[in-house]
**Q** 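Please find one structure pasted underneath; my questions will follow.
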Amino acid sequence: MIEATLSQISEAIGGQLVGDDLLVSRVYTDSRDVCDKGLFVALKGPNFDAHNFLAKVKEQGGEAAVVEQRSAVDISQIIVKDTRIALGQIAKFNRSRLKAKFAAITGSNGKTTVKEMLASILQNVGETYATQGNFNNEIGAPLTLLQMNESHEFGVIELGANHAGEIDYTASITQPDVAVINNVAGAHLEGFGDLQGVARAKGEIYTQLNADGVAIVNNDDDFAAYWAPRIKQKMIKYSMKGDGDLLAKNISLDENLKPSFDLDYMGKSQRVNLSLAGEHNVNNALSAAGCALALGVSLENIAIGLSQAPHVTGRLMIEELDNGCRLIDDTYNANLDSMRAAINVLASYSGRRILVVGDMAELGEYGRQSHEEIGQIANQAKLDALYSCGVLTQFSHSRFDGEGKHFTNQNELIKQLKQEANANTTILCKGSRSAHMERVIQALMDDS
Ligand code: ATP
Ligand code: UDP
Ligand code: MG
């Protein structure tokens with residue numbers, strides 16, 4: 001955070017300052033952190049009310065806190081009605097003082113991947129701060145903005161949502177100069193109702209875009225025609241299948257399934273070699289490239305950055321065991337579209353191809369149908385075997401025509417896979433975060 005006095009902050013957030021006016025340069029929310037010149041924001045969570053930790057804050061050397069009720073602990077306090085909202089307001093205050101240009105990224109699939117790709121491009125151009133891990137919600141996004149200071153030239157901010165209004169809130173704090181919706185898919189349907197609800201909620205990112213900002217639109221998405229007429233700002237439309245301002249043409253995959261393509265924009269063309277496997281990453285690359293172009297980066301620098309983008313743990317990482325068996329680790333998360341993308345990658349391998357699926361969460365009434373569709377997609381892809389583990393995945397199992405087994409216990413599944421892992425086999429492992437399918441990958445790797 002750019003250094004500020006407590007009175008400046010208190011005024012910006014409509015609070016009441018009690019105690020000494022100090023200079024602070026960090027905001028933190030966990031009393032266990034030791035934080036020099038820090039301002040502790042006491043949040044109430046599902047497990048704890050951090051107001052109970054103010055003595056601990058003082059013991060650790062903390063001198064200032066934002067609270068909802070005045071505490072007897074002798075530290076400076078800014079008293080507010082709601083500390084969660086105050087966190088957002090402090091972030092917005094910091095944002096308003098930053099010179100950095102901001103790109104905000106949302107979508108159902110690939111936000112973190114696009115964020116890493118864009119950060120990889122921008123960090124060759126100027127000092128860049130990007131969302132760490134998956135800090136993309138109403139708490140994570142403000143905390144991200146609070147990590148930034150006057151040295152930064154670019155901010156790359158991932159915004160996630162599982163209910164309407166969330167992106168409106170986080171994007172209003174981010175005040176992006178560039179905004180992109182990577183795609184819309186049936187993720188978090190429980191909170192949104194239907195796909196149109198997802199599209200509407202993601203669309204909030206464009207309404208919060210700065211008036212002189214640029215909207216990046218995925219022209220291949222079914223909802224492009226819904227968003228485009230509602231966007232008042234300049235637009236860059238991208239496509240890997242049809243028309244647009246920014247195109248990926250002549251796409252080819254190398255033997256490791258890493259795509260190459262011509263990136264075409266305004267009469268210029270640049271060959272791009274991606275560091276990440278899978279054709280869906282062309283879409284992600286276009287999304288990142290669109291943001292970078294809007295921020296003034298050349299096609300050449302975009303190509304360099306995209307070729308250097310790092311792997312993100314659990315997102316389509318392709319590993320090889322000592323016995324030659326290939327493991328596709330896509331265990332980070334799952335919904336139907338990311339499942340389809342991953343199955344396409346598995347299907348492109350020769351030899352025996354085994355799909356290992358754990359439950360996809362937060363689908364509400366669509367749970368059964370979505371899991372049945374996995375079985376159908378696996379049929380179309382002509383996979384050799386489908387092993388399912390969990391509750392809802394029994395519906396994937398029941399729809400799959402090939403060889404299959406349903407497990408209620410991960411250890412049994414792991415035992416089966418260990419017997420089958422050999423040089424002629426490729427195993428794709430995927431499920432929602434809550435399914436913890438990474439444990440299956442870990443067990444196979446540990447044995448290798
Ligand atoms: P989260 O909502 O959990 O933050 P995210 O939107 O940040 O997810 P990533 O973490 O980048 O997305 O990827 C999540 C999953 O989606 C991975 O399994 C990845 O392989 C897959 N995926 C990434 N990009 C796409 C895409 N463009 N289309 C379909 N699936 C994708
Ligand atoms: N917290 C804290 N000290 C502790 C435990 C929790 O300051 O020893 C904070 C924590 O960082 C969070 C708040 O208390 O800001 C609420 O914690 P909870 O676990 O309920 O929610 P979450 O961390 O999931 O937001
Ligand atoms: Mg993410």
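Indexing begins at 1, ligand by ligand and atom by atom, following the structure's order.
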**Q** Considering just N/O/S atoms, say which atom of Glu158 is closest to the Mg ion (ligand 3).
**A** OE2

**Q** Say whether Ala334 and ligand 1 are in contact under the criterion: heavy-atom distance to a ligand atom below 4.0 Å.
**A** no

**Q** Just jot down the ligand 1 atoms closer than 4.0 angstrom to any heavy atom of Lys111, in number order.
**A** 1 (P), 2 (O), 4 (O), 5 (P), 6 (O), 7 (O), 8 (O), 11 (O), 12 (O)

**Q** I'd like to know if Arg84 and Asp82 make a salt bridge, using a cut-off of under 4.0 Å between side-chain N and carboxylate O.
**A** no

**Q** Heavy-atom contacts with Thr29 under 4.0 Å: which atoms of ligand 2 show up? List them by number with element.
**A** 7 (O), 9 (C), 10 (C), 11 (O), 12 (C), 15 (O)

**Q** Thinking salt bridges, do Lys430 and Glu438 make one under a 4.0 Å N-O criterion?
**A** no

**Q** So which of Asn283, Asn333, Asn335 actually passes side chain to side chain donor-acceptor pair (under 3.5 Å) with Asn109?
**A** Asn335

**Q** If you have a sec, work out which protein heavy atom is nearest atom 7 (O) of ligand 2 and how many Å separate them, to one decimal?
**A** Ser31 N, 2.8 Å

**Q** With a heavy-atom distance limit of 4.0 Å, tell me whether Asn134 approaches ligand 1 through its side chain, its backbone, both, or neither.
**A** side chain

**Q** Which residue holds the protein heavy atom closest to atom 19 (O) of ligand 2, what is that atom called, and what is the gap in Å?
**A** Asn47 ND2, 3.0 Å

**Q** Identify, by atom number and element, the atoms of ligand 1 in contact range of Ser108, meaning under 4.0 Å from any of its heavy atoms.
**A** 6 (O)

**Q** When you measure from the heavy atoms of Arg340 to every atom of ligand 1, does any distance fall below 4.0 Å?
**A** no

**Q** What's the verdict on side-chain contact (heavy atoms from CB on, under 4.5 Å) for Phe40 and Ser31, showing C-alpha distance, side-chain angles and the deciding distance?
**A** CA-CA 7 Å; Phe40 179 74; Ser31 62; 4.2 Å; yes

**Q** Under 2.8 Å from the Mg ion (ligand 3) - does any N, O or S atom of Thr112 fall there?
**A** yes

**Q** Indicate, as side chain, backbone, both or neither, the part of Asn136 found under 4.0 angstrom from ligand 1 when only non-hydrogen atoms are considered.
**A** side chain

**Q** Would you call Asp245-Lys237 a salt bridge at under 4.0 Å N-O?
**A** no

**Q** Among Asn333, Asp220, Asp330, which one has a heavy atom closest to atom 20 (O) of ligand 1?
**A** Asp330

**Q** Is there a ring pair (Phe, Tyr, Trp, His ring centres under 6.0 Å) between Phe53 and Phe48? Walk through the geometry before answering.
**A** CA-CA 9 Å; Phe53 303 120; Phe48 300 107; 5.7 Å; yes

**Q** Is it true that Glu63 and Lys58 have a side-chain N and a carboxylate O under 4.0 angstrom from each other?
**A** no

**Q** Which residue from Asn284, Asn283, Leu316, Val345 reaches closest to atom 24 (N) of ligand 1 through any of its heavy atoms?
**A** Asn284

**Q** Which residue from Gly110, Ala161, Gly133 reaches closest to atom 12 (O) of ligand 1 through any of its heavy atoms?
**A** Gly110

**Q** Quick one: which ligand 2 atoms are inside 4.0 Å of a heavy atom on Phe40?
**A** 7 (O)

**Q** With a heavy-atom distance limit of 4.0 Å, tell me whether Val114 approaches ligand 1 through its side chain, its backbone, both, or neither.
**A** neither

**Q** Output the distance between atom CZ (Phe395) and atom NE2 (His406), rounded to the nearest 0.5 Å.
**A** 9.5 Å

**Q** Report yes if Asp337 has an N/O atom closer than 3.5 Å to an N/O atom of ligand 1; otherwise report no.
**A** no

**Q** Record the part of Glu158 in heavy-atom contact with ligand 1 below 4.0 Å; permitted values are side chain, backbone, both and neither.
**A** side chain

**Q** Does even one non-hydrogen atom of Arg433 get within less than 4.0 Å of ligand 1?
**A** no

**Q** Would you say atom 11 (O) of ligand 2 has a protein heavy atom nearer than 4.0 Å?
**A** yes

**Q** What are the two closest non-hydrogen atoms of Ile318 and Asn256, and how far apart are they?
**A** CD1-O, 4.4 Å

**Q** At a 4.0 Å threshold, what atoms of ligand 1 neighbour a non-hydrogen atom of Ala341?
**A** 29 (C), 30 (N)

**Q** Only heavy atoms of Gly45, strictly under 4.0 Å: list the atoms of ligand 2 that pass.
**A** 16 (C), 18 (P), 20 (O), 21 (O)

**Q** Of the backbone atoms (N, CA, C, O) and the side-chain heavy atoms from C-beta on, which set of Thr112 has a member under 4.0 Å from an atom of ligand 1: side chain, backbone, both, or neither?
**A** both

**Q** Counting heavy atoms only, name the option from Phe53, Tyr28, Phe48 that's nearest to atom 17 (O) of ligand 2.
**A** Phe48

**Q** Within a strict 4.5 Å, meaning less than it, do heavy atoms of the Gln208 and Ile205 side chains meet?
**A** no

**Q** Is there a protein heavy atom less than 4.0 Å away from atom 15 (O) of ligand 2?
**A** yes

**Q** Starting from atom 24 (O) of ligand 2, locate the nearest protein heavy atom and write down its residue, its atom name and how far away it is, to 0.1 Å.
**A** Pro46 CD, 4.2 Å

**Q** Please determine if Glu373 and Arg399 form a salt bridge, counting it only when a charged side-chain N lies under 4.0 Å from a carboxylate O.
**A** no

**Q** For atom 5 (C) of ligand 2, which protein heavy atom lies nearest, and how many Å away is it?
**A** Arg32 NH2, 3.1 Å

**Q** Indicate the atoms forming the closest heavy-atom contact of Val73 with Leu54, along with that distance.
**A** CG1-O, 3.8 Å

**Q** Is it true that Arg95 and Asp177 have a side-chain N and a carboxylate O under 4.0 angstrom from each other?
**A** yes

**Q** What I want to know is whether Asn281 and ligand 1 share at least one N or O pair that is separated by under 3.5 angstrom.
**A** no

**Q** So which heavy atom in the protein is nearest atom 13 (C) of ligand 2, and how far is it from that ligand atom?
**A** Leu43 O, 3.5 Å

**Q** Does Asn134 put an N, O or S atom under 2.8 Å from the Mg ion (ligand 3)?
**A** yes

**Q** Considering Ser338, Gly107, Ala342, Ala285 one by one, which has a heavy atom nearer to atom 21 (C) of ligand 1 than any of the others?
**A** Ser338

**Q** For ligand 1, which atoms have a heavy atom of Thr113 less than 4.0 angstrom away?
**A** 9 (P), 11 (O)

**Q** List the steps, then state whether side-chain hydrogen bond (donor to acceptor under 3.5 Å, both in side chains) holds for Asn124 with Gln308.
**A** CA-CA 10 Å; Asn124 291 333; Gln308 298 168 335; 3.1 Å; yes

**Q** So does Asp262 pair up with Lys249, basic N to acidic O under 4.0 Å?
**A** no

**Q** List every atom of ligand 2 that sits less than 4.0 Å from any heavy atom of Asp30, numbering the atoms from 1 in the order shown and giving each element.
**A** 2 (C), 3 (N), 7 (O), 11 (O)

